[in-house]
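The first residue of the sequence shown is numbered 1, and numbering continues consecutively from there.
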Amino acid sequence: MRRVAFFLFFFCWGNAAFAQQSVSLDALYKELDAAIDSAAIFQKKKTDAIDILKKQYASCRDDEERYRFAWSLYREYVAFVNDSTLAYLQQCLHYARRLQRSDLLAQAELAMAHQLAETGFYSEAEIHFNRIANEPMDSAMHISYLLGRNHLYGEMGFYSHDPELSQHFHSKANALRDSLLALLPHDSGTYCELMSRMLNNRGNTDEALPYSDQWLAHVKPATRDYAIMAFFRSEIYKRKEDVTMQRYWLIQSALTDIRQAIMDQSALWSLANSIMQDDGDLDRAYRYMDFSWGCISQFSPHMRSWLVSPILTRINDKYKANLHQANSNLRWTIGAISLLVIGLLVLLLYVQKKRKQLAEAKSELAAANEQLSALNGQLSVNNDNLSEANRMLSDINGQLRQAVMRLNDSNRVKDEYIGKFLSICSEYIDKLDNYRIRVNRKLKAGQHADLLRMTSSEQLKEDELKELFDNFDQVFLHLFPTFIADFNALLRPGEQITPSAENRLNTDLRIFALIRLGIDESSKIAEFLHYSPNSIYAYRARIKNKAAGNRDNFENMVKVIGLNQ
């Protein structure tokens, strides 16, 4: 047996040392988050087991059987719901008295004293301990009795506000601990637990850790004892200021609590407190604290509430500080956006002024046209010799009408593009702000690798170019809905160009759409479409070779497409 214990000790010590070298807190956080998400499943499994016991308890035929099932229900509720735990212990006391079984009565009294001491009802716990103080006990019960009173006086000393009383209770707890250490075998798990906690409280962490390793070897994984061991092991690393290993064992304890549906837990809110103080990760700390508070509320021990309330207050204060900073940043952002809006308003006023000037020019040209028409009529009536001059004036009149139509067309195009330009500016401001928010979040979360990957990709540029071309195609075809048909009419039969998607232009059509808008320099077109000027020149030459008429006049014919619309 000693060889097995020796082997287990070194096996667990080796695992602990390996864990210290290769701990990945990120993976453990994910595992803990997944356990929290599945907590309802673990709690449902617990309540199902309790429901089965309750049905069996209701169908018991005698008091001895009722005591046995009430005890089983107490064991199920012991770290799940405190009120139910105490209620079934009261049932055990009731049936033990009816059965006149002093052994069962002492067992129930001792369990009641332990539970009351664990949950902060110190006076009541003292009464139950006193009831069995002089009762005959076997070795195991005597050790349990001493452990219970040691825990009771330790808690009373810790929470007492009177220094003299605190010292008094601690002295009594230490005396009981020394009695236990004298009674317990040195290779027992309880002995190792007491030594580990005693040495850690004294600050002797290097001596406490080997006893903690031996304690680890005595507890089974996935049990409440394992969760308690892991929590006190984290306390050793906390005193050693080894934050990584402290959190490793806190997470191990919390995982066991959640998977075993243990509501009387300390590890998760201790982990939340560490994360908030050392990392400033309020979201994670708040999530863990919120879940732990729900569990503690279900178990309903008032002492746990006193411990957790200050941490909740600190998290709330931190949230308020972050909210104040966020509001400050928001005010700066609103100021910057306001400046942009003012700039856009100034630009809008400038455009409106230009539109008014164009309207005045159009009116003046119309008046000049009327005067020329009247003069032409008078000259044709008065002098046949001036007929040639009249025909020249008629040509001029036609050219002026063409110019007016071109001005109308230019005015209409500018109106459409100004509206679309303002809309795109607004959308792009929103995109820049969303991109800023994403970058800001990743910087706060320390996700620099994600940020590097995000800014290294050219996908954003490609998406924006696609959206630019889509917007251009949409607005252009709205202005010139018959452009594609009219353009194909200028080509030889069989050489017509059909775009791959409806209401969209391909590269060939997009080049000549820009020419239709008056952008006929290859360098300008190349800059807009992100091609080289040589490529644009080659596209233009290839299309002009397909012209149905004179290829040299092809682009001039493109420029008047839709002029009469």
Practice item. Validate the cation-pi geometry between Arg259 and Phe42: distance from NZ or CZ to the six-membered ring centre under 6.0 Å, angle to the ring axis within 45°. Key: no
Is any side-chain heavy atom of [X] less than 4.5 Å from a side-chain heavy atom of [Y]?
X      : Y      : result
Leu93  : His128 : yes
Trp71  : Tyr74  : yes
Met112 : Phe129 : no
Leu180 : Tyr191 : no
Leu147 : Leu176 : no
Thr223 : Gln260 : no
Met263 : Ile296 : no
Leu194 : Met198 : no

Check your understanding: So does Asp51 have more than 12 non-hydrogen atoms from other groups sitting under 6.0 Å from CG?
Key -> yes
Review point. Would the number of heavy atoms belonging to other residues, nucleotides or ligands and lying under 6.0 Å from CD of Gln56 be above 12?
Key: yes
Rounded to the nearest 0.5 Å, what separation is found between the [atom1] atom of [X] and the [atom2] atom of [Y]?
X      : Y      : atom1 : atom2 : answer
Ile258 : Glu31  : CD1   : CD    : 10.0 Å
Glu193 : Leu216 : CD    : CG    : 12.5 Å
Leu116 : Ser123 : CG    : OG    : 10.0 Å
Cys295 : Phe80  : SG    : CZ    : 9.0 Å
Phe469 : Gln474 : CZ    : CD    : 15.5 Å
Leu250 : Ser266 : CG    : OG    : 10.0 Å

Closer than 3.5 angstrom, by distance alone: can the side chain of [X] be matched with the main-chain N or O of [Y] as a donor-acceptor pair?
X      : Y      : answer
Ser188 : Leu184 : no
Thr85  : Tyr77  : yes
Asn471 : Glu467 : yes
Thr256 : Ala227 : no
Ser72  : Arg68  : yes
Tyr67  : Leu104 : yes
Lys240 : Asp206 : no
Ser166 : Asp162 : no
Asn150 : Leu146 : no
Ser38  : Ala34  : yes

Exercise for review: Carefully, step by step, assess Tyr57 and Gln91 under the rule side-chain hydrogen bond (donor to acceptor under 3.5 Å, both in side chains).
Suggested key: CA-CA 11 Å; Tyr57 178 62; Gln91 293 293 311; 3.1 Å; yes
Cut-off 3.5 Å, side chains only: do [X] and [Y] have a donor facing an acceptor?
X      : Y      : value
Gln115 : Asn82  : yes
Ser144 : His114 : yes
Arg247 : Tyr29  : yes
Glu65  : Tyr95  : no
Thr205 : Arg239 : no

Review point. side-chain hydrogen bond (donor to acceptor under 3.5 Å, both in side chains) between Tyr237 and Asn200: does it pass, once the steps are laid out?
Key: CA-CA 10 Å; Tyr237 285 109; Asn200 187 49; over 6 Å; no
**Study point:** Stepwise salt bridge (charged side-chain N to carboxylate O under 4.0 Å, His left out) test for Arg224 and Asp257
**Key:** CA-CA 7 Å; Arg224 190 185 182 199; Asp257 285 338; over 6 Å; no
Practice item. Before giving the answer on side-chain contact (heavy atoms from CB on, under 4.5 Å), spell out for Lys45 and Ile41 the whole-Å C-alpha distance, their side-chain angles and the decisive distance to 0.1 Å. Key: CA-CA 6 Å; Lys45 183 179 178 181; Ile41 298 172; 5.9 Å; no
If every non-hydrogen atom of [X] is compared with every non-hydrogen atom of [Y], which pair is closest and at what distance?
X      : Y      : value
Ala125 : Leu152 : CB-CD1, 4.1 Å
Cys92  : Ala108 : CB-CB, 4.0 Å
Arg131 : Glu135 : O-CG, 3.8 Å
Ala261 : Gln43  : CB-CA, 4.1 Å
Ser212 : Ser196 : CB-OG, 3.6 Å
Trp215 : Ile228 : CH2-O, 4.2 Å

Review point. Is the shortest side-chain N to carboxylate O distance from Arg287 to Asp37 below 4.0 Å?
Key: yes
Exercise for review: In sequence, state the C-alpha distance, the side-chain angles, and the governing distance for Lys220 and Asp225, and then conclude on side-chain contact (heavy atoms from CB on, under 4.5 Å).
Suggested key: CA-CA 7 Å; Lys220 293 181 180 179; Asp225 289 339; over 6 Å; no
Practice item. Carefully, step by step, assess Glu126 and Arg149 under the rule salt bridge (charged side-chain N to carboxylate O under 4.0 Å, His left out). Key: CA-CA 8 Å; Glu126 181 78 4; Arg149 295 211 96 149; 2.9 Å; yes
**Study point:** Chi angles and distances behind the salt bridge (charged side-chain N to carboxylate O under 4.0 Å, His left out) call for Arg66, Asp63
**Key:** CA-CA 5 Å; Arg66 291 187 187 96; Asp63 287 346; 2.8 Å; yes
**Study point:** side-chain contact (heavy atoms from CB on, under 4.5 Å) evaluation trace for Leu268 with Leu32
**Key:** CA-CA 10 Å; Leu268 195 56; Leu32 182 57; 3.9 Å; yes
Practice item. Just say parallel, tilted or perpendicular for the rings of Phe169 and Tyr153, cut-offs at 30° and 60°. Key: parallel
**Study point:** Worked check of salt bridge (charged side-chain N to carboxylate O under 4.0 Å, His left out) between Glu109 and Arg97
**Key:** CA-CA 11 Å; Glu109 288 281 9; Arg97 293 189 186 103; 3.8 Å; yes
Review point. Would Gln252 and Phe231 count as a side-chain contact (heavy atoms from CB on, under 4.5 Å) if you check the C-alpha gap in whole Å, the side-chain angles of each, and the deciding distance to 0.1 Å?
Key: CA-CA 8 Å; Gln252 294 300 327; Phe231 176 79; over 6 Å; no
Practice item. Apply the test side-chain hydrogen bond (donor to acceptor under 3.5 Å, both in side chains) to residues Arg177 and Asn174: give CA-CA distance (whole Å), side-chain angles for both, the deciding distance (0.1 Å), then the verdict. Key: CA-CA 5 Å; Arg177 183 198 64 218; Asn174 292 338; 2.9 Å; yes
